[in-house]
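Written below as structure tokens is the structure these notes are about.
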Amino acid sequence: MLNILNFKKDELKNFLVENNFKSFKAKQIIDWIYDKKVFKFEEMTNLSKSEREEFGKILEVSLPIIVKVQESRDGTIKFLLELFDGNLIECVFMMYDYGNTICISTQVGCRMGCKFCASTVNGFLRNLELGELMAQILVVEKYTNKKINRIVLMGTGEPLYNYENIVTFIREMKDKLGMSSRHITLSTCGIVPKIYDLAEENLSLNLAISLHAVTDEKRKTIMPIANAYSIDELIDACIYYFDKTGRRISFEYLLIDGLNDRDEDINGLISLCERAKAHVNLIPVNEIKENDFKQSRKINKFHNNLLKNGINATMRQKKGVDIDAACGQLRLSYSK
Ligand code: SF4
């Protein structure tokens, strides 16, 4: 049985024609799945009875099982999902003034080893397939009965190391859900060659860089990727991305007590933002038991200094503080 969620729209049309069905059936099926959230062929009532039976013999809508749901008082909902092979992933639904947002995972586990992140503790297992990326949206929209307006690729995994599937996913979001890539943000720890590749894709995608330190020496102590690419190389790639796409870059900056919250860090951050024409998202570090990092109390000072120097800076709104909020922790607690 083939998982229909792994088909691109054009591939589905071709597949149906090869199996002696009309190509326009693809649009009908896609409407049922992505618009009406109907996942069983026997319930797709504008298909003939024989079509429903035939499709049901060769195709399926393979969705992950919801293993656990944690609902916060602020409307944030965290999902632990089991994939067809038993692997677990997380995704999070959040409500903001500007619309409903989902944060999705792009890999099972992560090999990048960032010291502040629970998602990497048990290493990398595999990339998520196109259908598994799609399924996170479908499961959450069905569960919440709410339309997702924005997608952030900031959950478990380094999206640029699942490059082909991610680029296809972003294109298919437009084709199947009508979602512009302007409403999608990809967060990377800074895979420099892939940022250049992404700039050539003709997508108006928002790019967020997990920066977290302003010198190579300090960055290397918390992010192993800094051993492969210097901050200089990363900033050059950001400038190229901005020039090519017109989409402004944002730097994600976790504030960690005593590590990256000194005055020299503020000054370094200001100068990197000026070079890359980037804005900054300041984030209090999640205190997880896998490390000793503590939240900095200087977040307001950082914020004010950045604004005073003409840098567009925001402090990430805390969401889901009363649930297992740190990325990767829910999965970790079930994997042990
Ligand atoms: S922060 Fe992102 S890239 Fe780094 S280990 Fe966690 S999931 Fe991987």
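Only heavy atoms go into these numbers, but all of them, side chains included; no hydrogens, no water, no symmetry mates. Along the sequence shown, the residues carry numbers beginning at 1. In listed order, ligands and their atoms are each counted from 1.
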Exceeds 12 heavy-atom contacts within 6.0 angstrom, atom NZ of Lys40: no

Over-ring placement of Lys25 relative to Phe55, 6.0 Å and 45° cut-offs: no

Close approach, Ser210 and ligand 1, non-hydrogen under 4.0 angstrom: no

Atoms in ligand 1 flagged as close to Thr120, the criterion being non-hydrogen separation under 4.0 Å: 5 (S)

For Cys114, atoms of ligand 1 separated by under 4.0 Å from a heavy atom: 1 (S), 4 (Fe), 5 (S)

Beyond-backbone contact of Thr76 with Phe93, side-chain heavy atoms, under 4.5 angstrom: no

Same apolar cluster: Met154 and Leu211, side chain cutoff 4.5 Å: no

N/O/S from Cys117 sitting under 2.8 Å away from atom 4 (Fe) of ligand 1: no

